[in-house]
**Student:** 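Dumping the structure here so I can ask a few things about it.
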Amino acid sequence: MTAEAPIAPAVSHGRLIPVTVHFDDLDALGLLHNARYPLMVERAWARLWQEHGFRFEGDWAAAGDACNAVKELRITYEAPVTRPGTYAVHLWLERLGTTGLTYGFRFCSADGAQTYAHGTRVLVRLDADTLRPAPWSEEFRAVGRELLRPAD
C-alpha cells in the first residue's frame, strides 16, 4: 500500500500554502507572536514563487523579479493561534501593475476554513543597479495573472 500526497483544499482564488507553527513561535502567553504572522506569510510567498522558478540566491543582478522591496504591509489579527501545528497561508494578488503589485493573504487553518489574520502587502520590483522601480518580466506577470482575485 502506498500513501498518497494530501490534496490541497480548494480555494476560490489564489493558492493555499501549508505552513508549520512551532512551539518556539509562541510567545510567553502561548500565542503565536504577532511578528511571526508576516514572517510565515513571507515564507509562503517565497515557496510559491520558487515553485515557478523565481528566487533570490544572493545575487541582486541575477535575482530578476525577486529583486523587490516592500512598500506597505497591513495586517489585521482576527483570532489567536494557541498551539503548534499545521496551518495554511491563503495567497492571491489584488493588483498586478507594471512595477508593483498588491497581494492579499489570510493566515488560516490548514483547510482554509478559519481565518486568524488577514492583510495586504505592496511590493515594488527594483532595478538591481539603480534600486529604482523596474517592470516585472512577462514570465512573472503570466504567473501573477493566475493568482489575481476575480473582480467582485
Side-chain angles (χ1 to χ4, degrees), residues 3-22 25-26 31-57 60 62-128 130-152:
E4 293 184 30
I7 297 172
V11 290
S12 63
H13 60 279
R15 288 272 309 276
L16 203 58
I17 306 292
V19 295
T20 302
V21 171
H22 298 277
D25 292 319
L26 305 180
L31 306 175
L32 181 59
H33 192 281
N34 68 73
R36 295 293 192 178
Y37 290 83
L39 176 66
M40 293 201 188
V41 170
E42 175 72 18
R43 288 176 180 167
W45 268 116
R47 178 175 164 188
L48 184 145
W49 289 116
Q50 287 173 5
E51 288 175 5
H52 294 284
F54 301 100
R55 63 180 44 88
F56 176 71
E57 296 176 333
W60 283 113
D65 295 297
C67 183
N68 57 65
V70 176
K71 181 176 180 179
E72 177 181 291
L73 171 66
R74 293 177 185 241
I75 186 167
T76 301
Y77 302 94
E78 297 292 340
V81 171
T82 60
R83 62 179 53 125
T86 302
Y87 294 85
V89 177
H90 179 196
L91 303 169
W92 66 90
L93 290 185
E94 291 283 337
R95 183 189 66 82
L96 177 60
T98 303
T99 62
L101 61 81
T102 302
Y103 71 72
F105 64 88
R106 287 187 316 120
F107 190 93
C108 52
S109 55
D111 64 1
Q114 181 174 1
T115 299
Y116 297 99
H118 61 89
T120 59
R121 187 166 160 186
V122 177
L123 293 179
V124 177
R125 165 74 161 87
L126 299 176
D127 177 274
T130 65
L131 298 182
R132 301 288 305 150
W136 301 108
S137 70
E138 187 48 46
E139 295 81 12
F140 184 91
R141 294 179 61 72
V143 173
R145 283 190 289 273
E146 295 173 12
L147 297 169
L148 280 168
R149 183 175 68 130
D152 294 334

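Counting from 1, the numbers follow the sequence of the chain as shown. Side-chain atoms are counted along with the backbone in the values below, which use heavy atoms only and exclude waters and symmetry mates.
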**Student:** Nearest 0.5 Å, please: how far is OH in Tyr116 from CZ in Arg106?
**Tutor:** 11.0 Å
**Student:** Tell me if the CZ atom of Arg145 is crowded by more than 12 foreign heavy atoms within 6.0 Å.
**Tutor:** yes
**Student:** Within a strict 4.5 Å, meaning less than it, do heavy atoms of the Phe140 and Leu101 side chains meet?
**Tutor:**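 SC-SC contact between Phe140 and Leu101 confirmed.
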**Student:** Can you measure from CG (Leu96) to CD (Glu146) and round to the nearest 0.5 angstrom?
**Tutor:**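 Atom-to-atom, Leu96:CG and Glu146:CD are 11.5 Å apart.
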**Student:** Find the distance between CG (Leu32) and CE (Met40) and round it off to the nearest 0.5 Å.
**Tutor:**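 Reported value, rounded in 0.5 Å steps: 5.0 Å.
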**Student:** Should Cys108 and Leu16 count as side-chain neighbours, where that means a heavy-atom distance under 4.5 Å?
**Tutor:**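 Yes, their side chains come closer than 4.5 Å.
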**Student:** Minimum heavy-atom separation for Ser109 and Ala113, please, with both atom names.
**Tutor:** OG-N, 3.2 Å
**Student:** Check Val89, Leu73, Ile75 against Val41 for a side-chain contact (heavy atoms from CB on, under 4.5 Å) and give me the one that passes.
**Tutor:** Val89
**Student:** Atom CZ of residue position Arg74 - does it have more than 12 heavy atoms of other residues, nucleotides or ligands inside 6.0 Å?
**Tutor:** no
**Student:** Quick one, Val19 with Phe107, criterion side-chain contact (heavy atoms from CB on, under 4.5 Å). Give me CA distance, side-chain angles, the key distance, then yes/no.
**Tutor:** CA-CA 9 Å; Val19 295; Phe107 190 93; 3.8 Å; yes
**Student:** Under 3.5 Å, sequence neighbours excluded: what are the donor-acceptor pairs made by side chains of residues 76-88?
**Tutor:**
unit_1	atom_1	unit_2	atom_2	d
Tyr77	OH	Asn34	O	3.0
Glu78	OE2	His118	NE2	2.7
Tyr87	OH	Arg83	O	2.7

**Student:** Between His13 (side chain only) and Leu93 (backbone N and O only), is there a donor and an acceptor less than 3.5 Å apart?
**Tutor:** no
**Student:** Once rounded to the nearest 0.5 Å, what's the spacing between atom CZ of Arg132 and atom CG of Leu126?
**Tutor:** 9.5 Å
**Student:** Just distance, no hydrogens or angles: give the donor-acceptor pairs under 3.5 Å from side chains in residues 44-53, sequence neighbours left out.
**Tutor:**
unit_1	atom_1	unit_2	atom_2	d
Arg47	NH1	Pro18	O	3.4
Glu51	OE1	Arg15	NH1	3.0
Glu51	OE1	Arg15	NH2	3.0

**Student:** Spell out, as yes or no, whether a donor-acceptor pair under 3.5 Å connects the side chain of Asp127 to the backbone of Ala134.
**Tutor:**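 Judged by distance alone, no pair lies under 3.5 Å.
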**Student:** Begin with the C-alpha distance, continue with both residues' side-chain angles, and end with the deciding distance and a verdict on side-chain contact (heavy atoms from CB on, under 4.5 Å) for Leu123 and Val70.
**Tutor:** CA-CA 5 Å; Leu123 293 179; Val70 176; 3.7 Å; yes
**Student:** Measure from the side-chain N and O atoms of Arg125 to the backbone N and O of Gly64, and report whether any donor-acceptor pair falls under 3.5 Å.
**Tutor:**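 Yes, because the side chain of Arg125 sits within donor-acceptor range (under 3.5 Å) of the backbone of Gly64.
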**Student:** Please report the closest heavy-atom contact between Trp92 and Arg149, naming both atoms and the distance.
**Tutor:**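 Heavy-atom minimum between the residues: CD1-CB, 3.7 Å.
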**Student:** Determine the minimum heavy-atom distance between Ala117 and Tyr37, stating which atoms define it.
**Tutor:**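 Where Ala117 meets Tyr37 most closely, the heavy atoms are CB-CD2, 3.7 Å.
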**Student:** Are side-chain heavy atoms of Glu42 and Phe105 found at a separation under 4.5 Å?
**Tutor:** no
**Student:** Any heavy-atom pair between the side chains of Leu91 and Leu147 that's under 4.5 Å?
**Tutor:** no
**Student:** Do the side chains of Trp136 and Asn68 get nearer than 4.5 Å, heavy atoms only?
**Tutor:** yes
**Student:** Hey, could you give me the OG1/CD distance between Thr102 and Glu72, rounded to the nearest 0.5 Å?
**Tutor:**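 If we round to the nearest 0.5 Å, Thr102:OG1 and Glu72:CD are 7.5 Å apart.
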